[in-house]
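Report on the following structure.
Note that the numbering runs from 1 along the sequence shown for the chain. Counting convention: from 1, in listed order, for ligands and their atoms alike.
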Amino acid sequence: MRRPVIAANWKMYKTHTEAQLFIEGLRNRLQSKDYERVEIVVCPPFTSLRTVQTTIDGDDLEIALGAQDVHWEEEGAFTGEVSALMLEKLKVRFVIVGHSERRQFFGETDEAVNKKVKSALAHNLTPIVCVGESKEEREAETTEEKVRSQVQKALSGLKQEQVASLVIAYEPIWAIGTGLTASKEDAQQTIAFIRETVEARFPGAGSHVRIQYGGSVKPGNIAELMHQPDIDGALVGGASLDPEDFSLIVRYGE
Ligand code: PGA
């Protein structure tokens with residue numbers, strides 16, 4: 001019932017020419033059945049959005065364009081920022097919100113995440129809302145408290161059907177870019193907990209909201225993650241920069 005969604009988060013990598021080469025490389029490696037099984041999303045830096053969009057459109061590829069961040073206002077004196085309206089006009093369909101790197105390095109708060117989610121939804125963008133605990137929080141056994149609080153604050157004030165339509169990415173911070181992956185059991189357990197948290201606040205939305213796992217996803221571990229009943233896809237950083245690795249992940253390692 002929930003269509004898996006596998007998203008490439010390129011972070012601050014690739015010039016626009018490299019981005020175009022990636023899309024061409026990915027196209028050459030995927031078959032039509034790969035696009036049917038999984039919703040594929042590519043989130044380049046802002047500078048490559050236009051190039052990726054024209055390459056996707058030119059070849060009529062079923063790849064959705066995503067951005068890595070958004071401001072909550074439509075326009076204004078906010079030097080350096082980009083709005084959901086601007087992204088919508090560029091045919092962007094997804095936007096990552098609240099990634100741990102933005103929370104850690106750019107002071108993004110739960111309140112800002114909530115405003116960004118609302119603005120994204122108002123402009124027909126599907127937010128990919130990132131949540132996850134630090135190593136210290138996992139060791140202190142406060143993972144559930146942390147992700148519950150992040151989920152509740154990020155989704156505060158939304159309608160049930162809006163929550164049902166969005167994507168949540170569970171990304172334990174200690175697993176991002178470290179080569180350490182949460183075990184499939186731990187990932188499943190926390191993602192099932194997030195689903196219960198959503199259902200408790202927004203009855204009916206829990207069974208619809210898609211929840212990804214993120215943190216050192218690779219061709220070698222995607223299959224076991226995707227076989228978990230509550231894991232609906234992956235948010236992939238490092239391994240999404242190479243078209244060969246990313247195509248293998250889209251195909252669950254096969
Ligand atoms: P990683 O990053 O796959 O390199 O661990 C995931 C992410 O930050 O979204």
Residues joined to V167 in its hydrophobic cluster, side chain to side chain under 4.5 Å directly or through other members, sorted by chain and number, are V5, V41, F94, I96, I128, L235
Note: with side-chain heavy atoms under 4.5 Å as the link, the other cluster members for W174 come out as L180
Under a 4.0 Å N-O cut-off, is there an ion pair linking R29 with D34? no
Check: Are any of the side-chain nitrogens in K146 or E137 under 4.0 Å away from the carboxylate oxygens of its partner?
Finding: yes
Per the under 4.0 Å non-hydrogen criterion, ligand 1 touches N9, K11, H99, E171, A175, I176, G177, G215, S216, L235, V236, G237, G238
The salt bridge (Lys or Arg N to Asp or Glu O under 4.0 Å) partners of R50 (sequence neighbours excluded) come to none
Apply the test side-chain contact (heavy atoms from CB on, under 4.5 Å) to residues R3 and R37: give CA-CA distance (whole Å), side-chain angles for both, the deciding distance (0.1 Å), then the verdict. CA-CA 7 Å; R3 186 162 183 232; R37 175 162 78 164; over 6 Å; no
